[in-house]
Amino acid sequence: IVRRTMVDDASVSALARSYDMSFAAVQKHVAVLERADLVVKRRRGREQLVRCNVDTVRRAQQLLDQLESIWRARLERFEQVLIEQNRHDELTGLANRRALDRALLREWRRLQRSGTGFAVLAMDLDHFKDVNDRFGHPAGDQMLVQVAARLRRAAREVDLIARVGGEEFIVLVNVSSAQGAQIAAERLRVAVAAAPYALKAGLAPLTISIGIALATQEDPAIADILERADQALYRAKREGRNRVCLEMDRSTDLHAARL
């Protein structure tokens with residue numbers, strides 16, 4: 001199972017408390033005034049102005065500088081974890097819906113600017129509810145992690161795989177032809193169904209249905225492309241599952257081209 005460092009309210013509060021305590025511990029002993037060689041200390045109930053060795057002040061300042069550097073590095077790491085957490089599905093490590101939306105917008109703008117098309121593959125695991133009912137939800141999660149690993153191996157590096165629901169995935173494929181999209185989708189379908197999944201409770205087979213939509217400059221919005229991909233997916237389900245279906249207009253065009 002993919003293990004990821006997570007940031008939540010408790011960890012943020014703990015970091016803030018640790019930060020405050022660290023600086024308080026240093027500032028408790030030496031208070032640096034406007035002049036570097038003067039320090040105010042409390043002695044026997046009254047304040048006195050005493051001469052302090054400049055080296056002592058310098059060491060205190062160095063300690064503060066080091067502490068600031070350490071915490072800056074920690075905060076930068078914290079920010080990286082937050083960014084990663086914001087873009088990835090916690091269970092599988094795949095892109096999440098937020099990351100998919102950003103990628104879709106980027107490709108959509110590129111399409112409008114240069115005419116470079118792309119395809120959206122809407123994918124749904126077949127009878128996944130039966131897996132949860134038979135083996136339990138932990139086994140279902142285990143299977144989802146294995147499905148994600150197979151999808152990664154079968155996809156190209158330039159393609160984005162996102163988990164957008166319990167057993168629902170969307171793949172953003174950088175191809176501009178129906179044939180290229182079908183080849184990519186079929187490769188993913190075969191990978192998912194290639195062999196039974198090894199769960200703690202035993203082996204379990206699994207297949208996936210895939211619907212394809214090709215983006216064009218004539219599409220009024222990204223939502224229209226996603227809707228067409230969903231409709232193609234529903235058709236794959238109706239026609240028996242474990243198959244790839246291209247959106248109807250493209251299927252007709254592709255069939256006519258072959259004739």
Side-chain angles (χ1 to χ4, degrees), residues 1-12 77-108 118-133 135-174 181 184-185 187-195 197-200 204 206-213 215 222-223 225-227 229-230 232-234 236-237 241 244:
I1 295 179
V2 178
R3 299 188 182 275
R4 318 189 73 82
T5 303
M6 299 302 296
V7 173
D8 53 21
D9 291 342
S11 58
V12 171
R77 172 57 184 156
F78 228 55
E79 290 174 357
Q80 290 301 316
V81 172
L82 283 171
I83 291 173
E84 182 177 345
Q85 183 175 323
N86 195 43
R87 294 178 179 175
H88 292 85
D89 174 59
E90 180 180 351
L91 176 65
T92 63
L94 298 175
N96 60 16
R97 188 59 190 247
R98 191 176 292 107
L100 173 66
D101 288 343
R102 282 195 290 263
L104 280 169
L105 181 59
R106 181 181 64 248
E107 293 302 317
W108 172 259
F118 61 92
V120 171
L121 313 183
M123 312 193 301
D124 190 85
L125 299 177
D126 299 325
H127 302 296
F128 186 72
K129 183 179 181 298
D130 295 343
V131 174
N132 282 330
D133 292 343
F135 298 103
H137 288 280
D141 288 348
Q142 186 182 3
M143 180 175 280
L144 286 170
V145 171
Q146 294 182 41
V147 167
R150 294 190 187 190
L151 291 175
R152 282 195 199 92
R153 289 194 294 268
R156 303 174 306 173
E157 290 187 8
V158 295
D159 300 331
L160 178 75
I161 312 168
R163 182 184 176 216
V164 296
E167 66 270 26
E168 301 171 2
F169 302 83
I170 288 180
V171 181
L172 182 59
V173 184
N174 288 313
R187 185 168 59 245
L188 296 173
R189 186 197 67 80
V190 170
V192 169
Y197 291 77
L199 308 177
K200 290 183 179 179
L206 186 68
T207 59
I208 194 168
S209 299
I210 304 176
I212 305 173
I222 296 174
I225 307 167
L226 295 172
E227 175 63 23
D230 280 339
L233 171 61
Y234 296 150
K237 293 283 191 181
R241 295 181 170 82
V244 173

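Throughout, numbering of the chain's residues begins at 1 and tracks the sequence.
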Inset, instruction - Check whether more than 12 heavy atoms from other residues, nucleotides or ligands sit under 6.0 Å from atom OH of Y234, and answer yes or no. - result: no
Inset, instruction - Work out which heavy atom in A185 is nearest to a heavy atom in V244; give both atom names and the distance. - result: CB-CG1, 3.8 Å
Inset, instruction - Could you tell me which residues satisfy side-chain contact (heavy atoms from CB on, under 4.5 Å) with Q146, sequence neighbours excluded, listed by chain and number? - result: Q142, Y197, L199
Legend entry - Contacts of A232 that satisfy side-chain contact (heavy atoms from CB on, under 4.5 Å) - sequence neighbours left out: none
Inset, instruction - Please list, chain by chain and in numerical order, all residues satisfying side chain to side chain donor-acceptor pair (under 3.5 Å) with D133, sequence neighbours excluded. - result: K129
Legend entry - Candidates V171, I161, I170 - the one meeting side-chain contact (heavy atoms from CB on, under 4.5 Å) with L94: I161
Inset, instruction - For residues F128 and M143, determine if any side-chain heavy atom of one lies less than 4.5 Å from a side-chain heavy atom of the other. - result: yes
Inset, instruction - To the nearest 0.5 Å, tell me how far I222 CD1 sits from E227 CD. - result: 14.5 Å
Legend entry - Which residues share a side chain to side chain donor-acceptor pair (under 3.5 Å) with D101, sequence neighbours left out: R97
Legend entry - Nearest atoms (heavy-atom pairs only) where A99 meets L160: O-CD2, 4.2 Å
Legend entry - Closest non-hydrogen atom pair between F118 and W108, with its separation: CE2-N, 3.9 Å
Inset, instruction - Find out whether V147 and L151 are in side-chain contact, i.e. whether some heavy atom of one side chain is under 4.5 Å from a heavy atom of the other. - result: yes
Inset, instruction - Answer whether the closest heavy-atom distance between the side chains of T207 and V192 falls below 4.5 Å. - result: no
Legend entry - Test item: I210 and L233 side chains (from C-beta on) under 4.5 Å apart, heavy atoms: no
Legend entry - Rounded distance (nearest 0.5 Å) linking atom CG of L226 with atom CG of L104: 5.5 Å
Inset, instruction - Sequence neighbours left out, what passes side-chain contact (heavy atoms from CB on, under 4.5 Å) with H127? Give chain and number order. - result: D130, R241
Legend entry - K237: partners by side chain to side chain donor-acceptor pair (under 3.5 Å), with sequence neighbours left out: D124, D126
Legend entry - Partner residues of R189 under the side chain to side chain donor-acceptor pair (under 3.5 Å) criterion, sequence neighbours left out: E186, N242
Legend entry - Taking every non-hydrogen atom, the tightest pair across V173 and A184: CG1-CB, 4.1 Å
Legend entry - Check: L188 and I208 side chains under 4.5 Å, non-hydrogen atoms: no
Inset, instruction - Would you check if N96 and H88 make a side-chain contact, meaning some heavy-atom pair closer than 4.5 Å? - result: no
Legend entry - Beyond-backbone contact of T92 with D141, side-chain heavy atoms, under 4.5 angstrom: no
Legend entry - Contacts of A181 that satisfy side-chain contact (heavy atoms from CB on, under 4.5 Å) - sequence neighbours left out: A119, V175, I212, L214
Inset, instruction - Starting at CG of N174, measure out to CD of E157 and round the result to the nearest 0.5 Å. - result: 12.5 Å
Legend entry - Pairs meeting criterion salt bridge (Lys or Arg N to Asp or Glu O under 4.0 Å) with involvement of residues 158-168, two or more places apart: D89-R163, R156-D159
